[in-house]
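These numbers come from the heavy atoms of this one structure, side chains and all, not from hydrogens, waters or symmetry mates. Reminder, nothing fancy here: chain letters follow the sequence lines and each chain counts from 1.
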Number of protein chains: 2
Amino acid sequence: MDSALTLFRERGYDKTTMRAISDEAGVSLGNAYYYFGSKEHLIQAYYDRVQEEHEQGSVSVLARETEFAARLGGVFDVWVDVAAPYHEFAGKFFKNAAEPTSPLSPFSEESQPARQASVALFRAAVDGSDLKLATGLREELPDLLWLMHMGIVLFWVHDQSPSQERTRALIAHVVPLVDKLARMTRLPVVRGVVTDVLVLVRSLRTA
Amino acid sequence: MDSALTLFRERGYDKTTMRAISDEAGVSLGNAYYYFGSKEHLIQAYYDRVQEEHEQGSVSVLARETEFAARLGGVFDVWVDVAAPYHEFAGKFFKNAAEPTSPLSPFSEESQPARQASVALFRAAVDGSDLKLATGLREELPDLLWLMHMGIVLFWVHDQSPSQERTRALIAHVVPLVDKLARMTRLPVVRGVVTDVLVLVRSLRTA
DNA sequence: GTCTATAGTGGGATAGAC
DNA sequence: GTCTATCCCACTATAGAC
């Protein structure tokens, strides 16, 4: 995995052959395939690394901040920081992850552990905050925030601005909005809609 | 393109070789490559076909319905109908479209015409309806609905239920919710949030 | 400029010996 | 578990017909 990640970074995903990776790792081609079912499976290393660093990087943010907006924005920002080094060929990764049958898909069975770890991060951001929510929403909100995170990732992958500053601007704009919306959920007028959303989210999850 | 689409449908994308496609079309392999730079370029045929049929199929819906929810749901449903025959290999198509550098990406320069045509469909759904909106929202809403459409497509690609009934259920649940939300935009309490969203959407588009 | 035929190459993936 | 040898097929190259 280390060999693969190094070479991916040096030459890009497409130009890195499985033969080069196995050579670099000092094993035979067949042996590489014994451990990794396909070239795409090696991308899992990148995922796992980003996921792990995202968790570690978020610790200090979540320890420091108490306001919901600061916690959420912090967690989003940390992801952009840790993912940055691989932004150039993240598109290739993303392409492979986008296929539903791929084990790399963020919605796949195989990536459930990573997904749950990520959702847990957002749950921590919510739970440790000052946020007061409509009843029932507290349970589902982390999933919705994870989904929003996926949207930000999609934006980031397409973001060609220097240092991905457009993505950072998006986060800076979106977070206060989410904060405002979340606090509005307790208003009587809004409650009906919140209930509808919760019913929808739950029906999707159970099927 | 017809040969390719037929074979993709019969055996799937991976099991269809370029040789088989060129044979089926009665041309040489080299000639197939003369017109299509790669196997993936043939997917463009599918993309174009769905877009065209989506427009055509939506005409009768938009002529028949006047209520916003019915018009929007109709347009969403028509897409699921026309895309259905190719659902099995749609994942391959989607994979291709997901790469930011790909001309097939729905966000790319090259697919701007198709994207605008699609947005126009949603604009028609809004404009011909009974819907009353907060000022300013009428202009941006079609773009937001197109984005929602992309979300539904994402769900559809991952949907393994028979006849993609989960996607249809999603549409059936989401449309009334959107209708409700859209009508709420004129309420005083909600107005502030609507303005925030509009500012955000506009700032993203101009950059 | 459009097309055919044929002969490659490269690299992802696999079979099967050990 | 590790290897070598091989398959398969997307893709390229080329030479030439019309």
Side-chain angles (χ1 to χ4, degrees), chain A residues 1-48 86 88-105 108-111, chain B residues 1-48 86 88-105 108 110:
Chain A
M1 281 188 162
D2 282 341
S3 304
L5 274 181
T6 306
L7 290 174
F8 287 164
R9 216 167 145 176
E10 280 174 10
R11 339 176 170 172
Y13 181 78
D14 285 340
K15 286 190 180 159
T16 302
T17 68
M18 285 298 283
R19 285 166 177 83
I21 294 168
S22 55
D23 279 358
E24 173 85 12
V27 297
S28 71
L29 177 63
N31 192 236
Y33 274 102
Y34 180 80
Y35 286 100
F36 302 97
S38 77
K39 191 175 173 183
E40 295 188 353
H41 277 76
L42 284 163
I43 298 178
Q44 192 72 47
Y46 166 72
Y47 277 12
D48 293 345
Y86 294 92
E88 276 179 69
F89 28 88
K92 302 288 179 192
F93 295 164
F94 190 71
K95 171 179 177 171
N96 289 286
E99 204 191 326
T101 55
S102 167
L104 292 175
S105 163
S108 76
E109 196 75 29
E110 288 86 341
S111 52
Chain B
M1 281 186 164
D2 281 341
S3 302
L5 277 179
T6 305
L7 291 173
F8 287 164
R9 212 165 145 181
E10 281 173 12
R11 340 178 168 170
Y13 183 78
D14 284 340
K15 288 191 178 157
T16 302
T17 67
M18 285 299 281
R19 284 170 178 81
I21 295 169
S22 54
D23 280 358
E24 173 85 11
V27 298
S28 69
L29 176 65
N31 191 236
Y33 274 103
Y34 182 79
Y35 285 102
F36 302 97
S38 76
K39 191 175 173 182
E40 296 190 344
H41 275 75
L42 284 162
I43 298 177
Q44 187 75 45
Y46 166 73
Y47 192 87
D48 292 343
Y86 297 91
E88 278 177 68
F89 93 89
K92 303 291 178 186
F93 152 77
F94 190 71
K95 170 179 178 172
N96 205 284
E99 202 194 328
T101 56
S102 165
L104 290 177
S105 164
S108 76
E110 288 86 343

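At whole-Å resolution of the value, OH in Tyr13(A) and P in dG12(C) are 8 Å apart. The interatomic distance linking Asp23(B) (CG) with dT6(C) (P) rounds to 12 Å, in whole Å. Regarding His41(B), its NE2 atom lies at a distance of 14 Å from the C1' atom of dA10(D), rounded to whole Å. If you take OH of Tyr33(A) and P of dT2(D), they are 17 Å apart, rounded to a whole angstrom. For the pair Asp14(B) CG and dA13(C) P, the interatomic distance rounds to 10 Å; values are reported in whole Å. For the pair Leu42(A) CG and dG11(C) P, the interatomic distance rounds to 16 Å; values are reported in whole Å. Rounding to whole angstrom units, CD1 of residue Ile21(A) and P of dG12(C) are separated by 7 Å. In this entry the distance linking CG of Leu29(B) with C1' of dA15(D) reads 16 Å, nearest Å.
You'll find the side chain of Glu10(B) reaches within 4.5 Å of the side chain of Leu7(B), heavy atoms only. Side-chain contact between Tyr13(B) and Glu40(B) is present, with at least one heavy-atom pair separated by less than 4.5 Å. A 4.5 Å side-chain heavy-atom check between Phe8(B) and Lys39(B) finds at least one atom pair inside the cut-off.
In the interface, the side chain of Arg19(A) is paired with the base of dG12(C) through a donor and an acceptor atom under 3.5 Å apart.
For Tyr34(A), no side-chain nitrogen or oxygen approaches OP1 or OP2 of dC3(D) to under 4.0 Å. Considering only side-chain N and O atoms, Asn31(B) lies under 4.0 angstrom from the phosphate OP1 or OP2 of dT4(C).
Atom-to-atom distance recorded for Ser3(A):OG and Ile21(A):CD1 is 8.0 Å, nearest 0.5 angstrom. Between Arg11(B) atom CZ and Thr17(B) atom OG1 the span is 6.5 Å, to the nearest 0.5 Å. The CG atom of Asp23(A) lies 11.5 Å from the CE atom of Met18(A); values are rounded to the nearest 0.5 Å.
Ranking dT2(D), dC11(D), dG12(C) by closeness to the Tyr35(A) side chain, first place goes to dT2(D).
Residue contacts shown for Ser22(A) are absent, as no nucleic acid heavy atom lies under 4.0 Å away.
No more than 12 heavy atoms of other residues, nucleotides or ligands sit less than 6.0 Å from atom CD of Glu88(A).
For the pair Gly30(A) and Thr17(A), nearest-nucleotide mapping onto DNA chain C gives the more 5' position to Thr17(A).
For DNA chain D, no neighbouring residue in residues 1-10 of chain B is found when judged by any heavy atom under 4.0 Å.
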